[in-house]
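Naming convention: chains lettered A, B, ... in sequence-line order (proteins, then strands); numbering from 1 in each chain. What you see is a predicted model; the values in this text were computed from it and never measured.
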There are 2 protein chains.
Amino acid sequence: MAKLFWVEDQSHWIDRFSAVLKQADLDGEPNHLEVYKFPEAAKQRIAVMTDQHKPDLALLDAHMNGSDQAGFSVSRALLKKWPDLPILYLSEHSGTEIEEQAITQNDAQDFIAKHQRNIEAVLCWRIKAALKKRQAQQLGEQAGLRSGSLEIHTDSWEVFWKGVKLMNPHNPKRPLAPTPRKILRFLVERSPRPLSTEQIADLLEADLERFSYANYRQHIKTLRSAFDAAEGHSGEFSELCQQGRGIVTFGDAHAYFWKSDS
Amino acid sequence: MAKLFWVEDQSHWIDRFSAVLKQADLDGEPNHLEVYKFPEAAKQRIAVMTDQHKPDLALLDAHMNGSDQAGFSVSRALLKKWPDLPILYLSEHSGTEIEEQAITQNDAQDFIAKHQRNIEAVLCWRIKAALKKRQAQQLGEQAGLRSGSLEIHTDSWEVFWKGVKLMNPHNPKRPLAPTPRKILRFLVERSPRPLSTEQIADLLEADLERFSYANYRQHIKTLRSAFDAAEGHSGEFSELCQQGRGIVTFGDAHAYFWKSDS
DNA sequence: TAAGCTGGTGAATAATCCGTGAGTTTTTAT
DNA sequence: ATAAAAACTCACGGATTATTCACCAGCTTA
């Protein structure tokens with residue numbers, strides 16, 4: 001559950017974004033949103049918060065109630081307590097001195113203009129990215145991808161399915177071969193968008209002359225049997241695929257995609 | 001001197017920003033700007049760059065010459081060589097799928113809309129902030145080296161495995177040779193990320209002309225036998241490696257990585 | 001109903017990678 | 001200057017990985 005700490009003085013923005021923020025898929029669970037309309041109230045709350053209330057991310061308006069510095073004072077209070085808390089600004093004053101101060105002096109993780117097309121989506125993307133970056137830092141640089149029961153360590157390229165490491169189906173003592181690993185990673189990254197043979201070839205930096213659809217299919221086969229092997233050759237994963245989860249074929253575009261099991 | 005790597009396919013943007021970027025006060029010194037108009041040219045350049053040319057920051061356009069993926073392929077080439085290089089996108093397509101891909105999948109440090117008020121200043125602020133963050137991160141990374149049963153004294157360069165000092169396998173009275181020691185250190189530092197031949201060559205400040213994969217393998221062999229020797233030539237360490245711990249081959253990209261035994 | 005397409009499969013082949021030993025060049029120390 | 005050490009090259013075999021091929025089943029369309 002992602003905990004968001006949000007300070008915003010104008011009700012219409014709160015109305016507009018709160019539902020979006022609550023329902024955004026940040027970590028696969030519902031989010032907890034704590035909103036304050038006044039900087040003072042926010043600061044009082046911060047003063048009494050303990051580590052168990054520690055938010056994962058703060059969203060601030062810089063200019064509030066006529067004061068340029070209102071948001072920054074909240075930021076300082078937060079950073080004093082949790083120096084590594086990522087802070088995003090959400091403001092109407094992009095391109096102004098306020099943005100400059102936020103970015104260059106107040107350790108803002110990001111500064112998002114309220115007036116831009118598709119703002120709800122942009123907000124979610126950026127929050128998600130900030131949380132991901134934060135998590136990567138905390139895990140000792142062990143960045144990872146996670147989707148349901150699947151976990152990919154993007155540095156060591158180990159893949160875990162329900163906690164079990166995926167191995168090479170032809171030789172269970174060896175790790176999964178490189179190309180299947182890469183393909184799986186791309187599929188999960190782009191999930192739930194399908195990846196065509198062409199796109200995969202591009203991502204693998206392989207020549208389309210060399211990388212054919214037959215080829216792609218073969219690697220998918222390897223992956224599926226690796227999953228099956230991780231479950232003890234029960235064929236459970238293959239079934240899952242046929243039910244439209246896991247590694248699924250797209251229909252008629254030489255494409256596959258990844259669909260989380262949860 | 002801040003080194004910026006910039007890929008932008010439209011001349012008018014280059015004309016508009018290059019003077020600004022060159023003169024921006026990023027670190028008190030004049031900046032070095034390397035601009036490419038074509039993604040292919042940029043990628044070729046990246047392939048031949050060594051660590052001494054390593055840019056401090058990359059500025060990319062995502063959508064170039066009609067392809068959505070052009071900028072991302074440059075990003076991948078850069079990150080492959082320097083996984084920690086901050087990458088900023090400068091694009092006309094904010095709020096679109098391109099921004100989403102950049103932020104959520106391509107580890108963009110930032111995504112800046114070209115069309116916004118005061119764009120020159122915003123660009124400079126954000127570049128400056130990204131550089132600052134990068135620097136702060138680098139300073140925080142200096143920690144002692146210890147990984148499972150392995151211990152490296154970074155001052156005296158002695159290496160201990162299970163408390164036993166690693167010696168030169170060809171002549172047990174002599175210490176481990178310098179290059180293997182360095183390689184081991186880099187592997188452990190970057191653990192569990194694999195290091196390709198190219199990356200090792202960069203880290204050793206050796207010419208890629210001189211430092212080949214055969215070479216890398218040779219040093220790995222030396223290291224493995226040094227570990228074995230420290231255990232009394234039992235071959236215990238070699239076994240460990242085959243089980244995916246210790247010094248492990250990555251299976252692809254001519255790379256090895258270090259995986260702690262604990 | 002047959003032809004055309006997609007997707008799954010097993011086996012065979014081709015390509016690549018990795019470990020190794022022995023030899024050569026370069027660097028370093030005496 | 002000389003010898004030892006270190007770094008680097010080269011070539012080979014075995015193993016792993018990637019690709020290709022042939023075939024089948026199911027579905028859609030002519």
Side-chain angles (χ1 to χ4, degrees), chain A residues 157 166-184 194-197 200-201 204-228 235 237-242 244 246-257, chain B residues 157 167-184 194 196-197 200-201 204-228 235 237-242 244 246-257:
Chain A
W157 285 88
L166 287 199
M167 303 305 275
N168 190 320
H170 302 295
N171 180 354
K173 286 178 197 161
R174 299 196 49 78
L176 200 53
T179 309
R181 269 189 302 197
K182 289 187 197 169
I183 290 181
L184 180 61
L195 281 175
S196 69
T197 306
I200 282 284
L204 290 171
E205 294 175 59
D207 219 332
L208 248 182
E209 309 290 310
R210 297 181 54 89
F211 193 86
S212 66
Y213 172 50
N215 217 312
Y216 191 6
R217 265 185 327 196
Q218 199 61 22
H219 289 302
I220 294 294
K221 185 172 76 171
T222 307
L223 279 168
R224 287 192 182 139
S225 52
F227 276 96
D228 270 342
F237 186 79
S238 301
E239 271 179 47
L240 201 69
C241 295
Q242 294 187 345
I247 302 176
V248 192
T249 161
F250 186 54
D252 75 342
H254 302 305
Y256 291 89
F257 68 99
Chain B
W157 280 94
M167 303 305 278
N168 189 319
H170 301 296
N171 179 352
K173 288 175 196 165
R174 298 193 49 79
L176 200 52
T179 308
R181 265 190 307 202
K182 288 187 198 168
I183 289 180
L184 180 61
S196 69
T197 304
I200 281 284
L204 291 170
E205 295 176 54
D207 218 330
L208 248 183
E209 309 289 309
R210 295 182 56 87
F211 192 86
S212 65
Y213 172 51
N215 215 312
Y216 192 6
R217 266 186 337 213
Q218 198 61 24
H219 289 302
I220 294 293
K221 185 171 76 170
T222 306
L223 279 167
R224 286 194 182 138
S225 51
F227 276 95
D228 269 342
F237 186 78
S238 302
E239 269 180 49
L240 201 67
C241 294
Q242 294 191 341
I247 302 176
V248 192
T249 160
F250 189 54
D252 188 29
H254 305 299
Y256 291 89
F257 68 100

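Residue B/L176 comes nearest to B/A226 through the heavy atom pair CD1-CB, 3.7 Å, listed as atom of the first residue, atom of the second, then distance.
One N or O donor and one acceptor, one from the side chain of A/K221 and one from the base of C/dG10, sit under 3.5 Å apart.
Using bins of under 30°, 30° to 60° and over 60° for the plane-to-plane angle, the ring pair A/F250/A/F257 lands in the perpendicular bin. Between B/Y216 and B/Y256, the two ring planes are perpendicular [angle over 60°; tilted spans 30° to 60°]. Note: B/F237 and B/F227 have parallel aromatic rings, judged against thresholds of 30 and 60 degrees for the angle between ring planes.
Read 5' to 3', the first and last nucleotides of DNA chain D with an atom closer than 4.0 Å to a heavy atom of chain A are D/dT16 to D/dT20.
Taking atom CZ of B/R217 as the reference point, atom P of C/dT16 lies 15 Å away to the nearest angstrom. What separates CG of A/L195 from C1' of C/dG7 is a distance of 17 Å, to the nearest Å. When rounded to the nearest whole Å, the span between CD of A/Q242 and C1' of C/dT9 equals 13 Å. If you take NE2 of B/H254 and P of C/dC18, they are 7 Å apart, rounded to a whole angstrom. In this structure, A/H219 atom NE2 and C/dA15 atom C1' are separated by 12 Å, rounded to whole Å. Going from atom CD1 of B/I247 over to atom C1' of C/dG19 covers 13 Å, rounded to whole Å. Look at CZ on A/F227: it is 18 Å from C1' on C/dG8, rounded to the nearest Å. As a whole-Å value, the separation of B/N215 CG from C/dG19 C1' is 15 Å.
In this structure, of C/dT20, C/dG7, C/dC18, it is C/dC18 that holds the atom nearest to the side chain of B/Y256.
Mapping A/A255 and B/G251 onto DNA chain C via the closest heavy atom, the residue that lands nearer the 5' end is A/A255. Nearest-nucleotide positions on DNA chain C for A/Y213 and A/R210 put A/Y213 closer to the 5' end. For the pair A/P175 and B/P178, both in contact range of DNA chain D, the more 5′-proximal nearest nucleotide belongs to B/P178. Judged by closest nucleotide on DNA chain D, B/R174 is the one of B/R174 and B/Q218 placed further toward the 5' end.
Annotation: side chain to side chain donor-acceptor pair (under 3.5 Å) contacts involving residues 167-179 of chain B, sequence neighbours excluded, are absent.
Residue contacts for A/H170: at a heavy-atom cut-off of 4.0 Å it reaches no nucleic acid atom on any strand shown. When heavy atoms are screened at a 4.0 angstrom cut-off, A/T222 is found touching no nucleic acid atom at all. Using a 4.0 Å heavy-atom cutoff across all strands shown, B/R181 reaches no nucleic acid atom at all.
When side chains are defined from C-beta on, B/C241 does not count as touching B/V248, because their heavy atoms never get closer than 4.5 Å.
Distance check: B/R181 CZ to B/T222 OG1 gives 13.0 Å after rounding to the nearest 0.5 Å.
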